[in-house]
Amino acid sequence: MPLPDCSSMIDELRTERLLLRPLTLDHVDDYFRVCGDPRTWEHVPSGRHTSRGESARAIEHSIASRRRYGFGHCAVVLRRPEAGLAAGSFLGSAGAAMLGFDAWNLGYRFAPEAWGRGFATEAAGIALAAARSARPETPVTARVLASNPGSVRVLERLDLELVWRGTSSEAPAGPDDTTHLERLVFADRPLSDETLDAVIALD
Ligand SMILES: CC(C)(COP(=O)(O)OP(=O)(O)OC[C@H]1O[C@@H](n2cnc3c(N)ncnc32)[C@H](O)[C@@H]1OP(=O)(O)O)[C@@H](O)C(=O)NCCC(=O)NCCS
């Protein structure tokens with residue numbers, strides 16, 4: 001069943017140290033710098049963006065999610081200088097996009113120079129709150145590989161519940177397939193069997 005469109009869109013979000021601004025095509029170069037960096041895809045190397053166009057398409061997907069459902073992914077910008085990073089620095093992205101069914105997919109990706117300072121937890125926390133406020137009736141889910149302890153920890157820090165842990169295939173179907181790797185699914189509420197099955201089936 002198609003979801004009803006959203007009447008209002010989430011704008012800029014603010015935390016103690018960060019600004020989260022909806023990603024636009026003005027962010028393509030910064031976004032590509034982060035998403036094209038192999039260090040930010042250590043656990044899923046095939047996901048690395050290999051062209052600016054790929055980053056632009058991902059941003060367009062986020063813009064469409066925001067237009068239709070009220071929220072998408074955001075550019076995360078530092079408000080004040082910290083640890084050698086200038087005010088206004090593009091640190092990475094965080095937000096949530098609507099899956100092909102009624103569930104948000106929470107996500108974040110930060111530049112290596114910004115790791116280890118609590119930025120992902122801070123940004124993902126307000127993104128989680130924004131997704132809930134845009135569509136309170138829609139569960140927020142997040143998928144993470146067990147081999148990515150930093151990301152697992154972010155989700156634990158947000159008090160999301162672990163709702164599934166496992167692999168969805170015995171062996172990779174191709175070089176880019178990660179379904180044989182152990183994955184964890186977190187959610188902000190119990191999921192229906194149908195929704196959980198759909199999240200597990202994502203590649
Ligand atoms: C995963 C990632 C978002 C973490 O960002 P970050 O800003 O360093 O995270 P935080 O500083 O908020 O740390 C959150 C927690 O994870 C822990 N953590 C961070 N990196 C870790 C690592 N590599 N191994 C173990 N724990 C780690 C921190 O110690 C902290 O735990 P604590 O609160 O108990 O002290 C960042 O490394 C990243 O962008 N990685 C590449 C993209 C990615 O994997 N995205 C998620 C895909 S599911």
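FYI, the numbering just counts along the sequence from 1. First listed ligand is number 1; within each ligand, the first listed atom is number 1.
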Looking only at atom types and distance, does a side-chain atom of W104 sit under 3.5 Å from a main-chain N or O of A96, one as donor and one as acceptor?
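No; zero donor-acceptor contacts below 3.5 Å.
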Test side chain to side chain donor-acceptor pair (under 3.5 Å) applied to S151 - qualifying residues, sequence neighbours left out
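Only Y108 meet the side chain to side chain donor-acceptor pair (under 3.5 Å) criterion with S151.
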Who passes side-chain contact (heavy atoms from CB on, under 4.5 Å) against I126, sequence neighbours left out?
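In terms of side-chain contact (heavy atoms from CB on, under 4.5 Å), with neighbours along the sequence ignored, I126 is linked to L13, T15, L20.
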My understanding is that only residues two or more places apart in sequence, or in another chain, count here; which of them pass side-chain contact (heavy atoms from CB on, under 4.5 Å) with P139?
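With sequence neighbours excluded, P139 shows a side-chain contact (heavy atoms from CB on, under 4.5 Å) to A103, D188, R189, L191, given in chain and number order.
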Look at the rings of Y31 and F90 and say which category their plane angle falls in: under 30° parallel, 30 to 60° tilted, over 60° perpendicular.
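If you compare the ring of Y31 with that of F90, the planes turn out perpendicular.
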Will you find, in the side chains of S55 and H49, an N or O donor that is under 3.5 Å from an N or O acceptor?
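Indeed, the side chains of S55 and H49 share at least one donor-acceptor pair under 3.5 Å.
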Polar pairs, ligand 1 vs protein, N/O only, below 3.5 Å.
from	atom 1	to	atom 2	distance (Å)
ligand 1	7 (O)	A120	N	3.1
ligand 1	8 (O)	G116	N	2.7
ligand 1	11 (O)	R117	N	3.4
ligand 1	11 (O)	G118	N	2.6
ligand 1	12 (O)	T121	N	3.0
ligand 1	12 (O)	T121	OG1	2.6
ligand 1	33 (O)	R157	NH1	2.3
ligand 1	34 (O)	R153	NE	2.7
ligand 1	34 (O)	R153	NH2	3.1
ligand 1	39 (O)	F110	N	2.8
ligand 1	39 (O)	W115	NE1	3.3
ligand 1	44 (O)	N148	ND2	2.8
ligand 1	45 (N)	Y108	O	2.9

